[in-house]
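Heads up: the structure comes next, in structure tokens.
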Amino acid sequence: MKRFSTKNARQASFSKRRASLFKKASELCTLTGAEVAIILFSPGGKAFAFGHPSVDTITNRFSNRYPMPHSDNQDSRGANLSALNQRLNYLHEQLVTEEKRGEELKQMQMERQRKFWFDAPIEELNLDQLMKLQVLWEGLQKKVVDMQVARRLAGGSISAPLSSTNYAGAIDLNVATTAEMDA
């Protein structure tokens with residue numbers, strides 16, 4: 001095993017492994033009833049802690065050499081803590097699943113927003129897509145010219161705005177989606 005060479009790589013690895021370490025400590029508490037305290041300092045100097053039942057309880061007992069408390073109610077307390085830790089692990093798994101689902105929904109929303117060819121950034125198109133875009137653009141220009149000629153022949157004003165409600169349906173914007181451009 002080697003130390004990561006860049007500070008960003010160390011920070012990313014720390015963040016991922018910290019969560020795994022805390023989860024394993026929680027599982028150890030659940031399975032064995034152990035009392036655990038973990039204190040970590042990130043490469044950036046930020047402190048993170050996990051404790052069961054709490055970090056203060058464990059550190060106080062360790063530093064003051066308090067004896068482990070004996071209780072007649074130890075089994076029910078351990079069973080209750082076990083159930084709580086299992087619930088915590090279940091909720092953590094649900095949170096991770098929902099975060100992944102949220103990312104997928106964001107991705108789908110972004111794809112939906114870039115549905116039409118004129119919304120796609122030109123820099124992201126390949127040569128074939130650019131050629132198809134040019135053909136579509138020329139087709140749109142031809143339809144606009146044809147509409148202007150039709151207005152002129154009908155005696156309408158050429159200077160009328162294209163967004164006028166009288167003529168909005170006159171332009172056929174058969175636009176291709178990004179998926180059609182890929183074909």
Side-chain angles (χ1 to χ4, degrees), residues 1-27 30 38 40-50 84-183:
M1 217 185 272
K2 288 193 236 177
R3 181 178 182 195
F4 290 108
S5 59
T6 65
K7 187 175 182 177
N8 288 342
R10 285 192 296 270
Q11 182 64 39
S13 181
F14 173 83
S15 296
K16 291 176 186 175
R17 292 175 184 242
R18 173 181 49 101
S20 298
L21 178 64
F22 286 174
K23 183 176 180 184
K24 287 293 183 186
S26 174
E27 290 172 359
T30 301
I38 301 173
L40 301 171
F41 289 92
S42 71
K46 192 173 180 182
F48 296 90
F50 170 84
L84 288 174
N85 278 327
Q86 287 176 349
R87 177 80 175 147
L88 175 65
N89 290 335
Y90 172 75
L91 291 174
H92 178 71
E93 289 172 8
Q94 278 187 322
L95 175 65
V96 169
T97 301
E98 290 301 318
E99 286 174 345
K100 287 179 183 176
R101 185 171 178 255
E103 288 298 320
E104 290 172 358
L105 288 174
K106 282 182 187 177
Q107 185 68 23
M108 288 171 55
Q109 183 180 16
M110 288 175 58
E111 288 174 6
R112 203 174 309 131
Q113 288 174 349
R114 290 185 6 182
K115 182 178 177 183
F116 298 107
W117 61 268
F118 51 81
D119 289 334
I122 292 177
E123 301 82 25
E124 294 179 9
L125 301 178
N126 62 32
L127 182 59
D128 290 336
Q129 291 171 328
L130 287 171
M131 299 295 283
K132 288 179 182 179
L133 180 62
Q134 182 180 5
V135 168
L136 291 170
W137 181 250
E138 289 169 353
L140 179 60
Q141 286 177 325
K142 183 179 181 325
K143 287 180 184 182
V144 169
V145 169
D146 290 346
M147 187 185 87
Q148 288 176 340
V149 169
R151 279 191 195 169
R152 187 177 302 144
L153 292 176
S157 171
I158 295 176
S159 63
L162 291 177
S163 63
S164 169
T165 56
N166 295 337
Y167 300 105
I171 298 177
D172 180 16
L173 294 177
N174 287 327
V175 294
T177 63
T178 307
E180 291 171 344
M181 289 188 61
D182 291 337

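- Every pair passing salt bridge (charged side-chain N to carboxylate O under 4.0 Å, His left out) that includes a residue from residues 85-99 is listed here, sequence neighbours excluded: Lys23-Glu93, Glu98-Arg101.
- In this structure, NZ on Lys106 lies 5.0 Å from CD on Glu103, to the nearest 0.5 angstrom.
- The salt bridge (Lys or Arg N to Asp or Glu O under 4.0 Å) search around Arg3 returns none, not counting sequence neighbours.
- Residues forming a ring-ring contact (aromatic ring centres under 6.0 Å, His included) with Phe4 (at least two apart in sequence, or on another chain): none.
- Lys24 contributes atom NZ, which lies 5.0 Å from atom CD of Glu27 (distance to the nearest 0.5 angstrom).
- At a cut-off of 3.5 Å, with distance as the only test, a side-chain donor of Tyr90 or Gln94 sits close to an acceptor on the other residue.
- Here the straight-line distance linking atom CG of Asp146 with atom CD of Gln148 works out to 9.5 Å at 0.5 Å rounding.
- Under the 4.5 Å side-chain criterion, counting only non-hydrogen atoms from C-beta, Phe22 is in contact with Leu40.
- With rounding to the nearest 0.5 Å, the separation of CE in Met147 from NZ in Lys143 is 12.5 Å.
- Considering OG of Ser42 and CZ of Phe48, their distance stands at 5.0 Å, rounded to 0.5 Å.
- Not a single donor-acceptor pair under 3.5 Å links the side chain of Ser13 to the backbone N or O of Ala9.
- Of all non-hydrogen atoms in Pro43 and Phe14, the two that sit nearest each other are CD-CG, 3.8 Å.
- Atom OG1 of Thr97 is separated from atom NE2 of His92 by 9.5 Å, given to the nearest 0.5 angstrom.
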